[in-house]
Student: 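Handing you this structure, nothing more for now.
In what follows, chains carry the letters A, B, and so on, assigned in the order in which the sequence lines appear, proteins first and then strands, with residues in each chain numbered from 1. Only a predicted model underlies this, so the values are computations on that prediction, with no experimental measurement involved.
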2 protein chains.
Amino acid sequence: MISKMLCSDDSIAITRDQLMLVEKLGVLYEHSGMQPAAARVASLLVIADQTELTFDQIRATMRLSKSATSNAINTLLNTKRIIYITKPGDRKRYFTSDVREWKAGFLDKFGEMMHIVEVYNEVLKQRTKETPEFNKDLEEMISLMSFIFDEIPKLFKKWDNQNQI
Amino acid sequence: MISKMLCSDDSIAITRDQLMLVEKLGVLYEHSGMQPAAARVASLLVIADQTELTFDQIRATMRLSKSATSNAINTLLNTKRIIYITKPGDRKRYFTSDVREWKAGFLDKFGEMMHIVEVYNEVLKQRTKETPEFNKDLEEMISLMSFIFDEIPKLFKKWDNQNQI
DNA sequence: TTTTTGGTTCTGTGATTAGAGAACCAAAAA
DNA sequence: TTTTTGGTTCTCTAATCACAGAACCAAAAA
C-alpha cells in the first residue's frame with residue numbers, strides 16, 4: 001500500500017509582507033525574553049489571517065521541526081500567551097492568540113516589576129547610616145516606583161470605565 | 001627587589017548577609033536581561049557600605065577576573081547603570097551607582113514597551129477584515145496600552161510635584 | 001488487529017555565551 | 001630609563017541553548 005503522504009505540507013497561505021511582519025514582531029518578543037521559535041509562533045498567531053492554527057500548520061508555515069514546534073507551543077501555553085480550542089469530531093487542537101488574556105498578563109508584568117521594589121526596601125533597611133545622601137536617593141527612587149505601581153491599577157480601572165464595560 | 005604584592009586583595013569589608021542580598025538582587029537584575037557578572041557588580045554597588053568602589057575592589061570582592069570585571073563595568077557604564085568619579089592625584093576611577101539617573105532609565109523602559117504598540121498597529125492595519133472579533137480585541141489592547149503609556153509620564157510629573165522639586 | 005494521527009520525549013549537535021588567564025598597553029611614578 | 005598602575009583586549013574553554021531528527025506513545029480510525 002502506498003503511503004498517503006510522506007511529507008505533509010499543511011502550511012497556510014501567507015504573504016511575504018506578513019512573514020516579514022512575523023519576523024519583526026518576533027524580534028520584539030525575543031527582546032522581552034521569549035526564545036526565537038516561540039517568539040515566531042506567538043507572532044504568527046497574531047498576524048495570520050486564520051486566527052486558529054493547528055500544530056502542523058504552525059510547524060509547516062514556520063518550517064520548524066516537530067520538537068521545536070511542540071516546545072514553542074507548550075511554553076506559550078504555560079505562559080498563557082496562547083490558548084487552544086478543540087472542535088467536535090476533531091482530535092487536533094487549534095491554537096490561538098488569546099488577546100483578551102493579554103490584559104491580565106500586561107498587568108502582571110507591572111506586578112513583576114513591583115517585586116524589585118521589595119528587594120530595594122530590604123537593601124535600604126540594611127544600608128549603613130553613614131551614607132545619608134545615597135540612602136535618601138535610594139529612598140526617593142523606592143517612593144517613586146511604589147507610587148507608579150500603585151497608580152497603574154487605577155489607570156486600568158479608569159480605562160475600563162471610559163470604555164464602559 | 002622583592003615584588004610588592006603578587007596577588008593584591010583589595011576586597012572590601014562586607015557581611016555574609018550583604019553578600020546574600022547581592023546575589024538576590026543580582027538574580028533580579030539577570031531576569032531583566034543583565035548578564036550575571038554585570039548584575040552582581042551593579043548589585044554590589046547598591047548594597048556595599050562604601051558607595052564608591054575601584055576596579056580592583058570590585059574585582060576582589062566579587063572574585064571576578066580582570067576581564068570579566070572590565071566587561072561588566074563597561075556594559076554598566078554604557079547602559080548608564082553606573083557612573084564613575086575621579087579624585088585629584090589618583091589615577092583610579094571610583095565607580096558608583098547613579099541612583100538619581102535611574103529615574104530617567106525607569107521612564108525609558110516604558111518608552112521601550114511603547115515600541116511594541118507601534119508594531120501592533122502595523123499588524124492591525126494589515127489584518128484581514130474577515131476576523132472582526134479578533135481585530136476588535138487587538139484594537140482594544142492597543143488602545144489600552146496607548147492609554148497607559150500616555151498616562152505614565154503624567155504620573156511621573158505628578159509625583160515630582162507632590163515631592164515639590 | 002493494524003495503521004494513522006497528533007503530538008511528546010530523547011539524543012545529538014552546531015552556535016552562542018560567560019568568563020578565566022595571559023598578553024598587552026599607555027600614562028604616571030620612581 | 002625602568003617599573004608600576006589601572007586597566008583593555010585576545011584567546012581559549014566549559015557550559016548552555018536552540019533546534020533537528022528520530023524514536024516513541026496513546027487514542028482513534030480502519
Student: Which atom names give the shortest non-hydrogen contact between A/Gly26 and A/Ser43, and what distance separates them?
Tutor: N-OG, 3.6 Å

Student: If I compare all heavy atoms of B/Phe106 with all of B/Phe110, which pair ends up nearest, and what's the gap?
Tutor: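 Smallest heavy-atom distance, with atoms named: O-CD1, 3.4 Å.
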
Student: Over how many whole Å does the gap from B/Arg59 atom CZ to C/dA22 atom P extend?
Tutor: 13 Å

Student: May I ask you to decide whether B/Asp56 forms a salt bridge with B/Arg59, counting only side-chain N to carboxylate O separations under 4.0 Å?
Tutor: yes

Student: Between P on D/dA20 and CD on A/Gln35, what's the gap in Å once rounded to a whole number?
Tutor: 12 Å

Student: For D/dG7, take OP1 and OP2 only and decide whether either is under 4.0 Å from a side-chain N or O of B/Arg93.
Tutor: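 Result: yes.
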
Student: Take atom CD of A/Glu30 and atom P of D/dC17, then tell me their distance rounded to the nearest Å.
Tutor: 15 Å

Student: On DNA chain C, check which nucleotide each of A/Tyr94 and B/Leu64 is closest to and give me the residue with the more 5' one.
Tutor: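 Mapping each residue to its closest nucleotide by heavy atoms, the 5'-most match is A/Tyr94.
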
Student: Can you tell me the distance, in whole Å, between the CG atom of B/Leu77 and the C1' atom of D/dT8?
Tutor: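 Going from B/Leu77 (CG) to D/dT8 (C1'), I get 13 Å.
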
Student: Taking only Watson-Crick and G-U wobble pairs with both distances under 3.5 Å, what dot-bracket line describes DNA chain C, where [ ] shows pairs that cross earlier ones and | shows pairs with another strand?
Tutor: ||||||||||||||||||||||||||||||

Student: Do the side chains of B/Leu76 and B/Leu45 get nearer than 4.5 Å, heavy atoms only?
Tutor: no

Student: May I have the distance from A/Ile58 (atom CD1) to C/dG6 (atom P), rounded to whole angstrom?
Tutor: 13 Å

Student: Can a salt bridge be assigned to the pair A/Asp160 and A/Lys103 using a cut-off of 4.0 Å between side-chain N and carboxylate O?
Tutor: yes

Student: Starting at atom CG of B/Leu53, determine the distance to atom P of D/dG7, rounded to an integer number of angstrom.
Tutor: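 Taking atom P of D/dG7 as the reference, CG of B/Leu53 is at 12 Å.
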
Student: Between B/Asn71 and A/Met34, which is nearer to the 5' end of DNA chain D once each is assigned its nearest nucleotide?
Tutor: B/Asn71

Student: Look at all strands and tell whether A/Ile73 reaches a base, only sugar-phosphate, or nothing, counting heavy atoms closer than 4.0 Å.
Tutor: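 Nothing, no heavy atom under 4.0 Å.
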
Student: Nearest whole Å is fine: how far is C/dA18 P from B/Asn74 CG?
Tutor: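 So the CG-P distance, B/Asn74 to C/dA18, works out to 15 Å.
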
Student: Name the residue from A/Glu118, A/Glu151, A/Met114, A/Met141 that meets the side-chain contact (heavy atoms from CB on, under 4.5 Å) definition with A/Ser146.
Tutor: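 Of A/Glu118, A/Glu151, A/Met114, A/Met141, side-chain contact (heavy atoms from CB on, under 4.5 Å) with A/Ser146 is met by A/Met114 alone.
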
Student: So among A/Asp17, A/Leu19, A/Val22, A/Thr15, which one has a side-chain contact (heavy atoms from CB on, under 4.5 Å) with A/Ile47?
Tutor: A/Val22

Student: Tell me whether B/Lys87 forms a cation-pi arrangement with B/Tyr94, defined as NZ or CZ under 6.0 Å from the six-membered ring centre and within 45 degrees of its axis.
Tutor: yes

Student: In the 5'-to-3' direction, what one-character label does each nucleotide of nucleotides 21-29 of chain D receive under the scheme B = base within less than 4.0 Å of a protein heavy atom, S = sugar-phosphate only, - = no such atom?
Tutor: B-----BS-

Student: Scan A/Arg127, A/Glu133, A/Lys129 and name whichever one has a side-chain hydrogen bond (donor to acceptor under 3.5 Å, both in side chains) with A/Thr131.
Tutor: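 It is A/Arg127; the other options fail the test.
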
Student: On DNA chain D, compare the nucleotides closest to B/Ser70 and A/Arg40; which residue's is nearer the 5' end?
Tutor: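 Comparing both residues, the 5'-ward one is B/Ser70.
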
